[in-house]
Amino acid sequence: MTKTKDNKPYDEVIICSDDAGMQLYLSEKAANRLSWILTGICVVLSLPVIILAFMCI
């Protein structure tokens, strides 16, 4: 985190782009939240597979 002339901190920006030229600008805080949300979705989607694996034992 860096500071401006007025000693007010501002968030750093993370830029994601693809081959088509689409760009997504996220603050560090927003990128962190998005990663936790996507991790939670992956865990919820893989939960039935884990449950079935333990049921077959």
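Throughout, numbering of the chain's residues begins at 1 and tracks the sequence. Note that the structure is a prediction, hence the values are computed from the model and not measured.
- To the nearest 0.5 Å, the span separating CG on Leu47 from SG on Cys42 amounts to 12.5 Å.
- Using a 4.5 Å cut-off between side-chain heavy atoms of Ile, Leu, Val, Met, Phe, Trp and Tyr, with links allowed through other members, Ile51 and Leu45 fall into different hydrophobic clusters.
- Within the 4.5 Å cutoff, no side-chain heavy atoms of Leu38 are placed close to those of Ser35.
- Separation of atoms CD1 (Ile14) and CG (Leu34) is listed at 10.0 Å; rounding is to 0.5 Å.
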